[in-house]
Amino acid sequence: MAKLTILPNEVICPDGATFDAGPNETILNAALRNNISIEHACEKSCACTTCHVIVREGFDSLTDAEENEEDYLDKAWGLEPESRLSCQALVGDSDLVIEIPKYTINMVSEEH
């Protein structure tokens with residue numbers, strides 16, 4: 001079981017958080033299960049960029065992004081080489097350190 005560390009984000013997770021994620025669980029599902037409310041306007045269908053995260057440690061342990069995810073990532077605010085859509089990135093056996101960007105391109109915040 002991998003350990004996910006969410007770095008502090010002043011709005012979503014001010015103190016940061018650390019929790020376990022099951023194998024083949026998405027970063028988003030693990031975060032939501034642990035009360036970290038990462039935006040996901042498209043209901044986890046890989047049709048937006050609101051769940052964009054930056055994987056600061058453990059990036060190479062993730063499954064490769066598919067073409068559709070890569071296309072959406074190109075539109076994400078603050079894109080970095082270690083960026084992923086958290087609804088698509090499956091956790092493996094390695095621990096991850098995740099940064100939630102300060103902004104998204106989402107015009108409306110949806111409560112889920």
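Source: prediction; values computed, not measured. Heavy atoms only: backbone and side chains are in, while hydrogens, waters and symmetry mates are out.
- Ser61 is not listed as a side-chain neighbour of Asp93, based on a closest heavy-atom distance of 4.5 Å or more.
- At least one donor-acceptor pair under 3.5 Å links the side chain of Asn68 to the backbone N or O of Cys46.
- Counting only heavy atoms from C-beta outward, the side chains of Glu99 and Glu82 never approach each other to under 4.5 Å.
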### Message
Between Thr18 and Ile6, does the side-chain contact (heavy atoms from CB on, under 4.5 Å) criterion hold? Intermediate values first, please.
### Response
CA-CA 6 Å; Thr18 300; Ile6 306 292; over 6 Å; no
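- In this structure the side chain of Ser86 never reaches within 4.5 angstrom of the side chain of Thr26, judged on heavy atoms.
- Considering only heavy atoms from C-beta on, Val97 comes within 4.5 Å of Leu7 through its side chain.
- Shortest non-hydrogen contact noted between His40 and Leu32 is CE1-CD1, 3.7 Å.
- Between the Glu70 side chain and the Glu67 main chain, no donor and acceptor come within less than 3.5 Å of each other.
- Between Glu80 and Arg56, at least one side-chain N (NZ, or NE/NH1/NH2) sits under 4.0 Å from a carboxylate O, which counts as a salt bridge.
- Using a 4.5 Å heavy-atom threshold, the side chains of Arg84 and Glu69 count as touching.
- Here OG1 of Thr5 is found 8.0 Å from CZ of Phe19. Values are rounded to the nearest 0.5 Å.
- Atom CG of Asp74 sits in a crowded spot, with more than 12 heavy atoms from other residues, nucleotides or ligands closer than 6.0 Å.
- One hydrophobic cluster, built from ILVMFWY side chains closer than 4.5 Å, holds both Ile27 and Ile12.
- Side chain of Asn34 to main chain of Ile36: no donor-acceptor pair is present (N/O by atom type, distance under 3.5 Å, no hydrogens or angles).
- Summarising the geometry of Cys51 relative to Cys87, their closest heavy-atom pair is SG-N, 3.4 Å, with the distance given to 0.1 Å.
- Looking at Ser83 and His52, their side chains do bring a donor and an acceptor atom within 3.5 Å of each other.
- The backbone N or O of Glu25 lies less than 3.5 Å from no partner atom in the side chain of Asn29, so there is not a single donor-acceptor pair.
- Cluster annotation: Phe59 and Ile38 are assigned to the same hydrophobic cluster (Ile/Leu/Val/Met/Phe/Trp/Tyr, side-chain heavy-atom contacts under 4.5 Å, transitive).
- One distance of note links CG of Leu90 with CG of Leu62; it measures 8.5 Å at 0.5 Å rounding.
- Side-chain contact between Leu28 and Lys44 is present, with heavy atoms from C-beta onward closer than 4.5 Å.
- Under the 3.5 Å distance criterion, the side-chain polar atoms of Asp95 are matched with a main-chain donor or acceptor of Lys3.
- In this structure the side chain of Tyr72 reaches within 4.5 angstrom of the side chain of Leu85, judged on heavy atoms.
- For Ala2 against Gly92, the heavy-atom pair with the smallest separation is CB-O, 3.5 Å.
- Looking at heavy atoms from C-beta onward, Asn24 lies out of side-chain contact with Val91 at the 4.5 angstrom threshold.
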